[in-house]
Amino acid sequence: MTTEYAVSGAVAVLTLNNPPVNGLGLATRQAFADALARALADASVKAIVVTGAGNAFSGGADIKEFGSPKALQEPNLLSLILALEAATKPVVAAIHTVCMGGGTELALGCHYRIAAPGCKVALPEVKLGLLPGAGGTQRLPRALGVEPALNMIVSGEPVNSELLAQVPGQKLFHKMASSAQTLLAEAVAFALEVADVRPLPLVRNLPARHPMGDAYFQFARNMVGGMAKNYPAPLKCVDAVEAATKRKFDDGLRFERDTFINLMWTPESRALRHLFVAERATSKIPDVPADTAQRVIKSVAVIGAGTMGGGISMNFLNAGIPVTMLEMKQDALDRGIATMRKNYEAQVKKGKLKQDKYEQRMALLTTTLSYDDLKDADLVIEAVFEDIGVKQAVFKELDRVMKPGAILASNTSTLDVNKIAHFTQRPQDVVGMHFFSPANVMKLLEVVRGAATAKDVLATVMALAKKIKKTAVVSGVCDGFIGNRMIEQYGRQAGFLLDEGCTPAQVDKAVEKFGFAMGPFRMGDLAGNDIGWAIRKRRYVEKPHMKYSKTADLLCEQGRFGQKTGAGWYDYVAGKRDAIPNADVVKMIEAHRQSLGITPRKVSDEEIVQRLVFSLVNEAAHILEEGIANKASDVDVVYIFGYGFPVYRGGPLNYANEVGLFNVVQAMQRFAQNPLDDATFWQPAPLLARLADEGKTFA
Ligand code: NAD
């Protein structure tokens with residue numbers, strides 16, 4: 001039963017009950033419509049209370065139904081709300097905990113609303129590239145006032161019920177309950193009080209006006225337009241709220257509906273909805289059921305207090321989990337701690353962290369030079385030099401001291417986690433936890449599953465990732481895992497583009513216009529060009545047939561490693577991150593091009609973007625086929641959260657789906673004809689070729 005029906009005296013109580021947040025999917029809507037009809041037909045019922053079971057009034061529409069016929073199937077949300085408005089007995093919404101989207105719209109269709117304190121109320125549809133499509137843009141301005149309503153609709157952010165109740169002249173809440181515990185009893189008592197009051201109040205009959213009228217909407221458009229950039233929905237929210245002030249209610253409702261449907265078909269909304277589902281799906285691992293037992297993680301040890309060790313430790317301190325950090329020498333520990341303090345102090349300075357919180361966090365940190373001090377930790381994360389010999393020494397020590405059942409993790413970016421696991425007698429306890437730099441900031445965590453990694457280890461690490469606010473994606477073992485393996489191909493293409501006639505700035509600009517946070521050369525300068533150089537040197541030995549542009553090596557030979565040396569593909573002024581093009585670097589590229597006998601050609605921005613993005617797509621298809629990634633949406637999450645891929649394009653594979661896999665394959669075949677490119681690489685991965693042939697997508 002997804003809506004419970006109970007009668008208390010002369011009041012029928014309809015309780016939405018569809019865990020976890022009483023989402024308004026079809027079955028729930030049907031049950032709700034039946035319960036409403038039953039209450040209206042029952043002569044002993046004089047008034048109706050609508051509420052939600054558990055920890056929500058309602059979290060709103062069922063997002064999985066979006067874009068499917070189910071969302072429109074009767075009773076859809078619009079007709080349910082119309083049925084509430086048409087009810088001949090007063091309906092009181094008893095709102096608590098979470099009231100979002102369709103839940104808020106449902107409540108606005110009721111005659112009265114009582115809210116518990118501490119309830120989060122929102123119309124968050126804009127975050128999915130939409131606007132509220134069941135009357136929210138027409139009713140909220142009438143109930144709350146135009147300006148606060150527009151703020152809520154455009155931001156999508158929740159507002160606390162007590163704050164909303166303080167908005168002057170608001171008619172959103174008729175009453176605040178004294179507590180969440182007494183909400184239902186107070187709502188029933190209120191329903192009895194108003195049982196005989198007629199006419200029944202409807203939000204649709206309230207006026208929606210702004211004293212400054214057109215001027216206000218002009219301001220709003222200027223503000224929202226500036227911030228919305230690549231997203232069409234926020235400005236459409238302004239249009240819809242303006243319609244509430246200018247049109248008759250039903251006309252406004254139609255305008256909202258049409259706009260909602262148009263937005264539903266935009267690639268931006270599709271991308272945002274894809275990511276919403278994708279992010280929640282990363283923890284679903286085919287052979288690791290959700291109820292897999294987990295190990296208890298109460299304390300963590302980190303080996304290495306360098307760039308990564310410090311950032312990794314901060315994540316756990318922030319979550320209230322004690323950390324012991326180990327180094328070989330005291331001065332390395334001191335340096336690591338100084339960097340952590342500097343990071344925290346910057347947050348305190350910006351007002352993002354209170355001084356006492358900062359101290360509480362640092363108080364959870366202990367340091368040591370002795371492995372014996374780590375033996376009781378539930379999880380240890382190794383972040384020492386990227387050298388297999390060093391890793392071996394560390395894991396042998398960990399195997400010696402760590403208590404049975406402790407999880408042994410490596411933050412390696414490139415080394416073989418299976419090999420590392422077998423440095424111990426307990427490979428089932430070993431897993432990769434590949435954080436991204438800066439580890440205290442970047443959301444992505446690749447959890448690398450070794451051949452022997454136990455399922456409960458995987459389940460524990462995935463759950464722990466949530467606790468430290470990371471988005472974790474499982475990757476199998478391969479060179480570079482999901483993200484870096486793909487970026488290597490992207491980097492190779494960027495190099496070829498220089499050889500063929502581009503400048504770094506031209507490539508970066510094209511990619512940034514596409515929406516990447518940073519183009520490949522600015523990214524190289526940020527990460528350190530020496531890292532790619534080291535990888536290439538290895539490749540020249542391991543894979544001598546693989547083709548690379550030599551320009552990046554020439555750059556590194558000049559010591560231009562990037563921001564850390566003040567010079568890379570660009571120049572940098574100390575303390576600033578602005579990339580200043582350098583004429584000598586351009587000359588170096590030209591000279592190299594000449595030495596290869598290449599006549600430069602003008603490469604279009606479109607070609608630049610396609611070659612870079614489709615190289616990611618082709619490598620991802622191999623990765624999927626090999627089972628390194630569990631699903632296409634995991635790859636998209638990696639690229640959005642770890643590599644600055646534009647959110648509104650939904651990740652490389654979602655983007656490829658949008659372009660059409662047939663078109664992607666056609667482009668690859670064109671690129672394969674280019675003698676300066678790598679024809680072998682551009683052979684579409686078998687999975688991609690098959691999907692394109694069958695007219696399918698990665699979804
Ligand atoms: P780093 O050089 O900044 O720090 C490594 C630290 O480990 C140093 O402080 C060193 O003193 C310490 N160390 C070395 N051997 C040790 C040992 N035997 N016992 C204890 N401490 C020891 O390196 P980093 O950038 O922090 O990288 C650490 C690991 O993280 C590497 O495996 C690297 O591939 C990986 N990683 C780095 C990045 C990045 O962007 N820097 C990103 C992801 C993963």
Side-chain angles (χ1 to χ4, degrees), residues 301-315 323-340 342-343 367-374 377 380-402 408-417 419-421 423 430-448 470 472-473 475 477 479-485 487-488 491 518 523-535 538 561-564 568 638 641-644:
V302 174
I303 318 288
T307 309
M308 295 306 287
I312 291 170
S313 299
M314 287 173 75
N315 291 310
V323 175
T324 308
M325 211 159 59
L326 177 139
E327 264 286 352
M328 290 180 300
K329 295 209 176 104
Q330 186 60 41
D331 62 337
L333 275 178
D334 295 343
R335 269 198 310 276
I337 289 177
T339 307
M340 287 167 72
K342 209 175 88 194
N343 285 334
T367 57
T368 182
L369 301 173
S370 160
Y371 276 89
D372 292 320
D373 292 336
L374 310 182
V380 52
I381 303 173
E382 163 278 309
V384 302
F385 300 140
E386 187 75 339
D387 177 292
I388 196 75
V390 181
K391 304 279 189 202
Q392 179 171 18
V394 169
F395 274 82
K396 282 212 172 309
E397 274 300 276
L398 293 177
D399 198 21
R400 181 181 69 79
V401 299
M402 299 308 292
L408 317 184
S410 172
N411 181 47
T412 180
S413 329
T414 54
L415 300 172
D416 184 341
V417 172
K419 214 173 193 175
I420 294 177
F423 294 147
V430 177
V431 67
M433 287 179 79
H434 184 218
F435 289 84
F436 287 69
S437 182
N440 54 318
V441 177
M442 294 293 287
K443 285 268 288 175
L444 181 65
L445 173 67
E446 280 181 325
V447 174
V448 185
K470 297 290 172 195
V473 173
S475 169
V477 177
D479 201 332
F481 314 127
I482 298 173
N484 284 342
R485 177 168 155 184
I487 210 74
E488 189 173 346
M518 232 181 266
M523 194 172 80
D525 278 357
L526 180 68
N529 297 312
D530 50 322
I531 295 180
W533 195 23
I535 294 174
R538 230 176 51 217
F561 292 163
Q563 289 191 20
K564 60 183 168 192
V638 166
F641 290 98
Y643 293 84

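On a predicted model such as this, the values are computed, not experimentally measured, just so you know. Counting convention: from 1, in listed order, for ligands and their atoms alike.
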For [atom], what is the closest protein heavy atom, and at what distance to 0.1 Å?
atom	result
atom 2 (O) of ligand 1	F385 CE2, 3.4 Å
atom 19 (N) of ligand 1	M328 CG, 3.4 Å
atom 40 (O) of ligand 1	S437 CB, 3.3 Å
atom 32 (O) of ligand 1	E386 OE1, 2.5 Å

Proximity flag F436 to ligand 1, non-hydrogen atoms under 4.0 Å: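 No, F436 has no heavy atom closer than 4.0 Å to ligand 1.
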A383 near ligand 1 by a heavy-atom separation under 4.0 Å: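 So A383 counts as touching ligand 1.
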Please work out, at 4.0 Å between heavy atoms, whether the side chain, the backbone, both, or neither of [X] comes within that distance of ligand 1.
X	value
L415	neither
I531	neither
H434	side chain

Trace of the side chain to side chain contact (heavy atoms under 4.5 Å, CB included) decision for L326 with D373: CA-CA 9 Å; L326 177 139; D373 292 336; over 6 Å; no
Please confirm whether the backbone N or O of [Y] pairs with a side-chain atom of [X], one donor and one acceptor, at under 3.5 Å?
X	Y	value
E327	A305	yes
E446	F481	no
N315	G311	yes

Below 4.0 angstrom from a heavy atom of [X], which ligand 1 atoms are there? Numbered from 1 as shown, please.
X	answer
V390	15 (N), 18 (N)
K391	31 (C), 32 (O)
S413	33 (C), 34 (O), 35 (C), 36 (N), 37 (C), 43 (C), 44 (C)
V394	18 (N)
T412	32 (O)
G306	3 (O), 4 (O), 6 (C), 9 (O), 26 (O)
F435	42 (C), 43 (C), 44 (C)
N411	29 (C), 30 (O), 35 (C), 36 (N), 44 (C)

Minimal non-hydrogen separation, [X] against [Y], with atom names:
X	Y	value
E386	T414	OE2-OG1, 2.5 Å
T324	L374	CG2-CD2, 3.7 Å
M340	S313	CE-CB, 3.9 Å
N529	G562	ND2-N, 3.8 Å
M442	G642	CE-O, 3.4 Å

Any non-hydrogen protein atom less than 4.0 Å away from atom 23 (O) of ligand 1: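 No, there is no protein heavy atom closer to it than 4.0 Å.
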Candidate with minimal heavy-atom separation from atom 31 (C) of ligand 1, of I381, V384, L333, T339: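 Nearest option to atom 31 (C) of ligand 1, by heavy atoms: V384.
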If we only count N/O pairs under 3.5 Å, is [X] in contact with ligand 1?
X	result
E327	yes
T307	yes
M308	yes

Gap between atom NZ of K391 and atom CG of L415 - 0.5 Å precision: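 These two atoms lie 6.0 Å from each other.
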Nearest-0.5 Å distance that lies between atom NE2 in H434 and atom CG in L444: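 Between atom NE2 of H434 and atom CG of L444 there are 8.5 Å.
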F436 and Y643 aromatic ring geometry - parallel, tilted or perpendicular at 30°/60° bounds: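 Perpendicular.
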Salt bridge present between K329 and D334 (N-O < 4.0 angstrom):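 Salt bridge: no.
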